[in-house]
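Throughout, a chain's letter reflects where its sequence line sits, starting with A, and its residues are numbered from 1.
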Protein chains: 2
Amino acid sequence: MTPQHYRKADRLLVAADCIIFGFDGRELKVLIVKRSFEPEAGRWSLVGGFVDARESVNDAAARILKRLTGLDNIYMEQLHCFGDVNRDPAARVISIAYFALINIADYSRQLNLEHEPHWCSLKNLPDLIFDHGQMVKLAVERLQQKIATHPVGFELLPRKFTLPQLQNLYEAIYQAKLDRRNFSRKILSLGILKKLDEKEKGSSKKGAFLYVFDRKRYEQLSHEGLKFV
Amino acid sequence: MTPQHYRKADRLLVAADCIIFGFDGRELKVLIVKRSFEPEAGRWSLVGGFVDARESVNDAAARILKRLTGLDNIYMEQLHCFGDVNRDPAARVISIAYFALINIADYSRQLNLEHEPHWCSLKNLPDLIFDHGQMVKLAVERLQQKIATHPVGFELLPRKFTLPQLQNLYEAIYQAKLDRRNFSRKILSLGILKKLDEKEKGSSKKGAFLYVFDRKRYEQLSHEGLKFV
DNA sequence: CCAAAAGTGTTTCTATTACACCCATGT
DNA sequence: ACATGGGTGTAATAGAAACACTTTTGG
């Protein structure tokens, strides 16, 4: 029974759109799809869908992400509500944008190819429909802020990773070179990485030691007070 | 003409709720109102209302703020979308929360008393309806982050203010004491305050010099790079 | 003359930056 | 043996924190 006062209020279509970031070891990538329905069918777009009356907006975003990637339990965070009247020329639709961080290797196993997904490097992103380009731009800014103070970079890497890999990730996200010595000192001084006895020999002859993120140790620390860069 | 694919999607009620911060020289306050309709009529709530199909979500928030405070051109920023299914037990309503910063003195002239507005100090905030308590909590966190790097504190003060007043504001927002000498050195070193020849003598015998925020100077600087605390 | 708040300078310590050499190994 | 990328230490600098005395003036 809808209360009296709510009756005359308008009801709107509500979408959830996901900026899905991935990292291939070199570049930061965004997952885009070919839109399969009108308007703008055939053009590149973010993964999205409508929020159902019987699910929370967060759940909707997770459902949409899972539909495409087959992945559960992904790092995902609400970004912003895009609410301009004509952002979708076909109807009044507001969109809640989310950004997600996934490990490309995990993902590629579970890929749902139905929508022609494509990892696109940030630098040569095509024009996206509606305000999706703005969404990506804002998401990159938020990711830059986030990764400076929260341990989210690990979401983009395999469970075991090397310091050079981690540094490449930060460099890709900030589009800037970092000093190797300063970077490793700072990251290691946080005390949240466990060094393994194994080495990764993929990218050099000497090989680089593998590390894992020690979430327990992290939980014991200040949570908000860490500074990664 | 709504496209085919949109037809079967659910339409939801969308609200905009505002966390309106004010500062009385001592404490950070939030503006709350007595809710005048069911459900939860008579209980304390944030200022809010439904988003209209023909206005952007941001415009809706500004309209709602204006209705209560009579004020235009207020500093306002989107906070977060609250989208749980049962956040409003009476109907499926998602809410886009905004926070606004206003100068209590300006405001009190224009006050719309219809809704029994009340400046409530953060420390003894009563229980609010729905998830409005959470909204306030999140807004305070965001304000703390924001004010550390952006010149938004001035929105909460009169146009002319003293350094002790500005420091009180920061102390109220962070709930922490700051060192007077370090604070004034740091703020002044940003070069975005113009010192006036007048003194404010309200709160001390000696009187404190008045300053104004020099927005032009600020615009010329890095914009994102400033650090206030 | 004294209480109360404003103004100001120096020292210490910590964090950041800049920078160069040796190591391990596959070819 | 050498090229490639990995690992590490130190010195200089900048920024943050800690700290105490003098000034003004209304009562």
Side-chain angles (χ1 to χ4, degrees), chain A residues 24-27 144 147-149 157-158 160-172 174 176-212 221-222 224-229, chain B residues 24-27 144-145 147-149 157-158 160-172 174-212 221-222 224-229:
Chain A
D24 66 0
R26 236 165 259 279
E27 287 185 301
Q144 289 175 342
I147 205 175
T149 47
L157 294 171
K160 301 176 180 181
F161 54 87
T162 67
L163 287 186
Q165 281 166 4
L166 186 62
Q167 182 173 345
N168 287 343
L169 173 62
Y170 275 84
E171 292 180 337
Y174 288 112
K177 278 269 158 230
L178 301 174
D179 183 89
R180 236 162 4 119
R181 296 158 284 194
N182 294 338
F183 180 80
S184 79
R185 179 160 2 104
K186 196 139 155 201
I187 293 287
L188 292 175
S189 75
L190 298 174
I192 57 173
L193 294 188
K194 258 208 294 271
K195 186 175 188 172
L196 305 179
D197 281 333
E198 309 166 61
K199 280 190 162 185
E200 152 70 43
K201 298 217 157 185
S203 71
S204 83
K205 306 176 179 184
K206 185 175 178 183
F209 279 104
L210 287 163
Y211 290 80
V212 291
L221 303 178
S222 55
E224 296 304 316
L226 296 195
K227 234 189 121 202
F228 289 74
V229 236
Chain B
D24 65 1
R26 237 165 258 282
E27 284 185 303
Q144 289 175 344
Q145 289 167 24
I147 205 175
T149 46
L157 293 171
K160 301 176 181 184
F161 55 86
T162 66
L163 286 187
Q165 281 166 5
L166 186 62
Q167 182 173 345
N168 286 342
L169 173 62
Y170 274 83
E171 291 180 338
Y174 288 114
Q175 309 257 46
K177 278 270 158 231
L178 300 174
D179 182 89
R180 253 193 347 220
R181 296 158 285 193
N182 294 337
F183 181 79
S184 81
R185 178 159 3 100
K186 198 142 154 197
I187 293 287
L188 293 175
S189 74
L190 298 175
I192 57 173
L193 295 188
K194 257 207 294 272
K195 185 176 188 170
L196 304 178
D197 280 334
E198 309 167 58
K199 280 190 163 187
E200 150 71 43
K201 296 216 157 187
S203 70
S204 82
K205 308 176 178 185
K206 185 177 179 182
F209 278 103
L210 287 164
Y211 291 79
V212 291
L221 302 178
S222 56
E224 297 302 316
L226 297 194
K227 236 191 119 200
F228 289 75
V229 235

Taking atom [atom2] of [N] as reference, at what distance in whole Å does atom [atom1] of [X] sit?
X	N	atom1	atom2	answer
A:L190	C:dA15	CG	P	12 Å
A:E200	C:dA24	CD	C1'	15 Å
A:F228	C:dT16	CZ	P	13 Å
B:L163	C:dA5	CG	P	17 Å
A:L166	D:dG6	CG	C1'	15 Å
A:R181	D:dA11	CZ	P	14 Å
B:L188	C:dT8	CG	C1'	11 Å
A:F183	D:dG5	CZ	P	18 Å

Practice task
Specify the residue among B:G207 and A:K199 whose closest nucleotide of DNA chain D lies further upstream toward the 5′ end.
Solution key: A:K199

Practice task
Take B:Q165 and B:N182, find for each the nucleotide of DNA chain C with the closest heavy atom, and name the residue whose nucleotide sits nearer the 5' end.
Solution key: B:Q165

Completion exercise
Heavy-atom nearest nucleotide on DNA chain C taken for A:S204 and for B:K195; more 5' hit belongs to B:K195

Minimum side-chain heavy-atom gap [X]-[Y] below 4.5 Å:
X	Y	value
A:L221	A:L190	no
A:L193	A:F161	yes
A:I192	A:F228	yes

Handout entry: Phosphate OP1/OP2 of C:dT16: any A:K227 side-chain N/O under 4.0 Å
Key = yes

Handout entry: Side-chain N,O (A:K205) to OP1/OP2 (D:dA3) below 4.0 Å
Key = no

Fill in the blank from the handout: The nucleotide from C:dT16, D:dG7, C:dT8 with an atom nearest the side chain of A:P164 is D:dG7

Practice task
Name the closest nucleotide to the A:A208 side chain, picking from D:dG7, D:dG9, C:dG9.
Solution key: D:dG7

Practice task
Mark yes or no for whether B:E171, through its side chain, and B:L178, through its backbone, hold a donor-acceptor pair below 3.5 Å.
Solution key: yes

Can you check whether any acceptor in the base of [N] is under 3.5 Å from a donor in the side chain of [X], or vice versa?
X	N	result
A:K206	C:dA24	no
A:R185	C:dA15	no
B:R180	C:dG7	yes

Practice task
Pick base, sugar-phosphate or nothing for A:S203, based on heavy-atom distances below 4.0 Å to the nucleic acid.
Solution key: sugar-phosphate

Handout entry: B:D179 to B:Q167 - nearest heavy-atom pair and separation
Key = C-NE2, 4.0 Å

